[in-house]
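Beneath this line is the structure, given in structure tokens, with notes to follow.
In this text the structure is predicted, and so the values were computed from the model without any measurement.
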Amino acid sequence: MSYTTEILPPIHIERPESAQWGKVCDVLVIGWGAAGACTALEAKANGADVIIADRFDGGGASAKSGGVVYAGGGTTQQQNAGYEDSPEAMFEYLKHETQGVISDETLKRFCNQSRDNLTWLESKGTPYSHEVPPGGKTSYPPVGYYLYYSGNEQVPAYQSSYPHAPRGHRTVGKGHGGMVLYHHLKEACLKEGIKTMTQSAARRLVIDDSGQVIGAEMMCIPADTPEARLHHKLSARAEKLQNLSPAYCDRLRRRVADIEQQHAKPMLVRALKGVALTTGGFIFNRELLKQQAPKYTRNFKIGATGCDGSGVRLGASVDASSDRMDRVSAWRFINPPGYWPKGIVVNSQGKRFCNEEVYGATLGYEMCEHQEGKAWLVLDKNLRWASIKQCLFGGYWWFQSVPALVLMILGARKGKTLEALAARCGMDAEAFKRDIDAYNQAIAHGEVDPFGKSKDYSLPVKQGPFYALDISVKSPVFPLGSLTLGGMKVNEETGQVLDDHGNGINGLYAAGRAAIGIPSNLYISGLSLADCVFSGRRAGQSMAGLEKKKSSVSKPQIEAAVG
């Protein structure tokens, strides 16, 4: 049995005023992660009556994230840390990363609003600070550090005439900041009086004669029942243990889906101004992943159970157009330890294929798209020992240091010479030695590295014995995590969902990873949460400002019918 949400064709209601609506609101937000919370808060702030619904208890992938928000343009934190930044500098850098996935106008608007959006988050209780870790670059800052280079800003190929600045703002709090960030957004929703429907999955949309989306059918588990408590217990356990035992957690998810199938009751919810789909991506929908992005089916899933593509599938049921469904962020982080990217990465033939200094998802993309997900990280004796010392004494998180130590001490292949190491790994010894020699010679002669690695990250690999660490997708101790980036096409000024002809679907909006957005080309840390704020607030503002259709029944009439 699948654990993904069942999505059915829309319900067509000719006379909305005569339907049996269980609840009524102006704006119905489906999915209570960061994007959903921001959509709901902004709609509420602009005068809309809002209901936010979630298949589980809220949080989703946002709560499981690192809580990093990509923000720039001169935030308070950047200024306090002594960095100069501007919306123009931020735009020039992000042009490299987004590669036209959204228009220049939208990207400029995102950059111009970035500082204010972070301030808006702070007004909802989420704290940020300015401490920068040594070197400024890591996959995730150590305890006590909250501002860092979360992308490729320091990589020479990505730099422009503007000085680079750190833009990864980690939410201050114990452990990963995602739960802290989501906690404050959730509390803000409740404080603002936004009505909630938890353990309620959207099964299909409701449309009227004109094709306008006027609501949704929700499958709701009755509150305060044994089934609801078991559903909560099993789903929470599946999220908590996902990193330790994915197969066991999948079994838990199937039990959760079985509870939903047997005990959830249908309820029609009327949305007078529209429905917003903010349900996240689809990394947990194996069939959809095989269909859209087959190169990533072996990757470790990053996200939550609700990331099953329900938003995209609901949109498709009313002819919504989707794009970039094959784009997946594959995170092969090799920093920390800080000495790892000073070695070299080669493919299964022993050839270099990427600058080791780049952000982890840039390296992961090259591996999965062009190298069949296979790669080796090669260190010499000096680099290996320096890396081990960093893992032991560098103050890293356990999920950074422990896998790296296991890989270096127990999982490394060793060769006294480069030729011997190539033989142990099944590489082309001639090609392997040729690329390492070219790398070493460029360093010795003060020349530019053949793959553009900066001098700070270039150390020679020449002191035997040599070690090869398997950083492939298949590595059991060093998983290569992934999340999906594609989604529904939307009007970039309003967030309204578009059909295949580029026309807006009346009453339907999307935000976050259910929609095409800023990170839908290639991901850098913090860009997805920043886009959740940007696209969520955009959708909320647009929906709240809509005028009711003249033919629509009034809210008091529907509320009277509901009773």
Side-chain angles (χ1 to χ4, degrees), residues 1-13 19-24 28-33 36 51-61 63-64 195-206 215-242 245-271 275 277-290 301 303-317 514 562-563:
M1 176 184 175
S2 172
Y3 52 75
T4 59
T5 310
E6 180 185 33
I7 303 298
L8 299 178
I11 300 173
H12 175 211
I13 294 181
Q20 297 298 309
W21 302 103
K23 292 180 182 292
V24 61
L28 172 62
V29 181
I30 299 173
W32 197 5
I51 292 177
I52 190 166
D54 195 271
R55 181 184 171 191
F56 302 104
D57 294 300
K64 296 182 71 177
K195 290 170 281 190
T196 65
M197 295 176 62
T198 55
Q199 296 182 301
S200 300
R203 183 166 66 174
R204 50 185 167 180
L205 297 174
V206 181
E217 181 187 60
M218 310 299 297
M219 298 300 295
C220 311
I221 299 177
D224 299 321
T225 62
E227 293 77 23
R229 288 188 284 274
L230 182 59
H231 182 273
H232 170 77
K233 176 182 177 180
L234 296 179
S235 58
R237 183 182 298 170
E239 302 301 349
K240 184 177 181 180
L241 301 179
Q242 171 64 25
S245 183
Y248 168 66
C249 292
D250 283 347
R251 292 195 295 272
L252 292 178
R253 293 184 178 98
R254 284 189 284 271
R255 290 180 62 190
V256 166
D258 185 57
I259 293 171
E260 294 170 348
Q261 188 176 50
Q262 292 186 35
H263 300 285
K265 307 297 181 183
M267 177 189 292
L268 293 182
V269 179
R270 177 73 159 103
V275 174
L277 301 175
T278 60
T279 54
F282 61 93
I283 196 67
F284 275 80
N285 187 326
R286 184 167 181 80
E287 291 304 314
L288 190 58
L289 193 66
K290 286 172 62 177
K301 299 186 287 290
T305 308
C307 299
D308 66 354
S310 60
V312 171
R313 290 182 289 134
L314 281 166
S317 74
V562 172

Please check if atom NE2 in His232 has more than 12 non-hydrogen atoms from other residues, nucleotides or ligands closer than 6.0 Å.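 Check fails, neighbour count at 12 or below.
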
Please give me the minimum heavy-atom distance between [X] and [Y], naming the atom from each residue.
{"X": "Glu6", "Y": "Arg203", "answer": "O-CG, 3.3 Å"}
{"X": "Cys220", "Y": "Met267", "answer": "SG-CB, 4.2 Å"}
{"X": "Met219", "Y": "Ala264", "answer": "CE-O, 3.5 Å"}
{"X": "Pro222", "Y": "Lys265", "answer": "CG-CG, 4.2 Å"}
{"X": "Ala216", "Y": "Leu28", "answer": "CB-CD2, 3.8 Å"}
{"X": "Ala61", "Y": "Gly303", "answer": "CB-CA, 3.9 Å"}

Approximate separation, where rounding is to 0.5 Å, of [X] [atom1] and [Y] [atom2]:
{"X": "Phe56", "Y": "Glu260", "atom1": "CZ", "atom2": "CD", "value": "5.5 Å"}
{"X": "Thr196", "Y": "Ile52", "atom1": "OG1", "atom2": "CD1", "value": "8.5 Å"}
{"X": "Ser235", "Y": "Lys240", "atom1": "OG", "atom2": "NZ", "value": "13.0 Å"}
{"X": "Gln199", "Y": "Thr225", "atom1": "CD", "atom2": "OG1", "value": "7.5 Å"}
{"X": "Arg237", "Y": "Cys249", "atom1": "CZ", "atom2": "SG", "value": "9.5 Å"}
{"X": "Thr305", "Y": "Asp250", "atom1": "OG1", "atom2": "CG", "value": "8.5 Å"}

Does any part of the side chain of [Y], heavy atoms only, come nearer than 4.5 Å to the side chain of [X], both counted from C-beta?
{"X": "Leu314", "Y": "Val275", "answer": "no"}
{"X": "Thr198", "Y": "Trp32", "answer": "yes"}
{"X": "Arg204", "Y": "Ser317", "answer": "no"}
{"X": "Thr5", "Y": "Arg313", "answer": "yes"}
{"X": "Lys23", "Y": "Lys195", "answer": "no"}

Under the criterion side chain to side chain contact (heavy atoms under 4.5 Å, CB included), I'd like the reasoning laid out for Lys64 against Gln242: C-alpha separation, chi angles, the key distance, then a yes or no. CA-CA 11 Å; Lys64 296 182 71 177; Gln242 171 64 25; 4.0 Å; yes

For the pair Lys233 and Arg229, evaluate side chain to side chain contact (heavy atoms under 4.5 Å, CB included) and give the outcome as yes or no after the intermediate values. CA-CA 6 Å; Lys233 176 182 177 180; Arg229 288 188 284 274; over 6 Å; no

Salt-bridge contact Asp258-Arg255 (side-chain N to carboxylate O under 4.0 Å):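 No, no charged N to carboxylate O under 4.0 Å.
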
Could you check whether Asn285 and Thr4, counting side-chain N and O atoms only, form a donor-acceptor pair closer than 3.5 Å?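 There is no such pair between these side chains.
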
Does any N or O in the side chain of [X] come within less than 3.5 Å of the main-chain N or O of [Y], such that one atom is a donor and the other an acceptor?
{"X": "Arg270", "Y": "Ala19", "answer": "no"}
{"X": "Ser200", "Y": "Arg55", "answer": "no"}
{"X": "Thr279", "Y": "Gly31", "answer": "no"}

Checking Leu268 against Ile11 for the side chain to side chain contact (heavy atoms under 4.5 Å, CB included) test, could you report, in this order, the C-alpha distance in whole Å, the side-chain angles of both residues, the deciding distance, and whether it holds? CA-CA 10 Å; Leu268 293 182; Ile11 300 173; 3.8 Å; yes

